[in-house]
Visitor: 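First the structure, which I've put down as structure tokens, then a few questions once you've had a look.
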Amino acid sequence: HVSLSRGGQNEFSGAPNGEGLGISRLGESFMAGVLDHLPALSAISLASVNSYRRIVPNCWAGAFVCWGEGNREAALRATRVAGPRSPCTNFEIKTADGSANPYLLVGALICAGIDGATRKLRLPSPVNGDPTKLALAELPSSLEEACQR
């Protein structure tokens, strides 16, 4: 799970009244940067040849480049503490496993998020249904493919 804080305050949360995505503008841009770089990040977050056996559709592993709220099939999943009208507090990255070097991965995630914030990226609409039914980009299916991104 990834969250942003400044001075002890959660910088990811926004729109506490349930309007919009429930994510601050900074949080949205940070998350959009991670989503934008997710195929390339796979080379670090899924660092073993065997990691790619797990990243398949319909296994709650996030095989598609998408995000959702509570959608276990989405590669990035925004989480809420107190139900659907509460603000988001962080996001989960489904496409990482124990083969990843945690120091490289955290550094790469921060860089991707900062890139998104610098470019003021916006998230696409959340995918709240089955991503296999939509025309979405898939994550790399092998370590070799991920290294080429």
Side-chain angles (χ1 to χ4, degrees), residues 1-47 51-52 54-97 100 102-142 145-149:
H1 289 258
V2 176
S3 61
L4 303 171
S5 65
R6 183 183 310 161
Q9 297 294 323
N10 187 334
E11 290 288 319
F12 190 71
S13 294
N17 60 359
E19 294 177 11
L21 300 172
I23 303 171
S24 70
R25 186 70 181 94
L26 173 62
E28 179 184 0
S29 291
F30 189 94
M31 191 173 168
V34 172
L35 187 64
D36 186 53
H37 291 284
L38 200 57
L41 287 169
S42 296
I44 298 170
S45 66
L46 302 166
S51 298
Y52 295 87
R54 180 179 73 80
I55 305 298
V56 293
N58 300 314
C59 289
W60 290 3
F64 296 92
V65 181
C66 66
W67 79 281
E69 299 177 89
N71 185 347
R72 296 190 184 273
E73 281 292 326
L76 301 182
R77 185 171 69 103
T79 59
R80 298 178 188 271
V81 173
R85 298 189 66 75
S86 67
C88 291
T89 56
N90 61 56
F91 68 95
E92 175 185 19
I93 301 168
K94 306 285 298 246
T95 57
D97 66 18
Y103 304 104
L104 287 177
L105 180 56
V106 169
L109 289 171
I110 290 170
C111 287
I114 289 172
D115 180 58
T118 301
R119 294 190 296 152
K120 297 182 180 354
L121 295 180
R122 302 296 305 255
L123 284 169
S125 296
V127 174
N128 293 318
D130 183 357
T132 62
K133 307 246 189 276
L134 303 171
L136 298 170
E138 290 188 43
L139 285 173
S141 59
S142 69
E145 184 184 345
C147 288
Q148 293 171 356
R149 301 244 180 139

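Quick note: residue numbers are just sequence positions, from 1.
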Visitor: Could you tell me whether the side chain of S142 and the main chain of E145 form a donor-acceptor pair under 3.5 Å?
Guide: yes
Visitor: Between the main-chain N or O of T95 and the side-chain N or O of S45, is there a donor-acceptor pair closer than 3.5 Å?
Guide: yes
Visitor: Got a donor-acceptor contact below 3.5 angstrom from the Y52 side chain to the P140 backbone?
Guide: no
Visitor: For the pair V65 and L136, evaluate side-chain contact (heavy atoms from CB on, under 4.5 Å) and give the outcome as yes or no after the intermediate values.
Guide: CA-CA 7 Å; V65 181; L136 298 170; over 6 Å; no
Visitor: Kindly determine whether I55 and L46 satisfy side-chain contact (heavy atoms from CB on, under 4.5 Å), including the steps that lead there.
Guide: CA-CA 9 Å; I55 305 298; L46 302 166; 3.7 Å; yes
Visitor: Do the side chains of E69 and R77 get close enough for a salt bridge, i.e. N-O under 4.0 angstrom?
Guide: no
Visitor: Rounded at 0.5 Å granularity, tell me how far CG in D130 sits from CG in N71.
Guide: 8.0 Å
Visitor: Determine the minimum heavy-atom distance between A96 and R54, stating which atoms define it.
Guide: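 Smallest heavy-atom distance, with atoms named: O-NH2, 3.1 Å.
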Visitor: For a quick test of reading the model, state the closest non-hydrogen atom pair linking L109 to F30 and the distance between them.
Guide: O-CZ, 3.9 Å
Visitor: F12 and side-chain contact (heavy atoms from CB on, under 4.5 Å): which single residue from L26, I23, T89 fits?
Guide: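 That would be I23.
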Visitor: Out of curiosity, C66 SG to L139 CG, how far, rounded to the nearest 0.5 Å?
Guide: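 Reported to 0.5 Å precision, the distance equals 8.5 Å.
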Visitor: Between W67 (side chain) and P124 (backbone), is there a donor-acceptor pair under 3.5 Å?
Guide: yes
Visitor: Could you tell me whether the side chain of V127 reaches within less than 4.5 Å of the side chain of F64, counting heavy atoms only?
Guide: no
Visitor: Would you say the side-chain atoms of N128 pair up with the backbone N or O of G68, donor to acceptor, closer than 3.5 Å?
Guide: no
Visitor: Could you state the interatomic distance from CG (L105) to CD1 (I93), rounded to the nearest 0.5 Å?
Guide: 6.5 Å
Visitor: Mind checking the CG-OG spacing from L134 to S125? Nearest 0.5 Å is all I need.
Guide: 11.0 Å
Visitor: Out of curiosity, D115 CG to L121 CG, how far, rounded to the nearest 0.5 Å?
Guide: 6.5 Å
Visitor: Report yes or no: does R25 contribute a side-chain atom to a donor-acceptor pair with the main-chain N or O of K120 at less than 3.5 Å?
Guide: yes
Visitor: I need the S13 OG to L4 CG distance, nearest 0.5 Å.
Guide: 9.5 Å
Visitor: For E73 and P131, indicate whether the former's side chain and the latter's backbone hold a donor-acceptor pair under 3.5 Å.
Guide: no
Visitor: Quick one about T79 and N90 (side-chain donor to acceptor, distance below 3.5 Å, no hydrogens or angles considered), yes or no?
Guide: yes
Visitor: For S51 and D97, run side chain to side chain donor-acceptor pair (under 3.5 Å): C-alpha distance rounded to whole Å, both residues' side-chain angles, the deciding distance at 0.1 Å, then the answer.
Guide: CA-CA 7 Å; S51 298; D97 66 18; 2.6 Å; yes
Visitor: For side-chain contact (heavy atoms from CB on, under 4.5 Å), just list the numbers for K94 and L76, CA-CA rounded to whole Å, side-chain angles, deciding distance to a tenth of an Å, and then say yes or no.
Guide: CA-CA 6 Å; K94 306 285 298 246; L76 301 182; over 6 Å; no
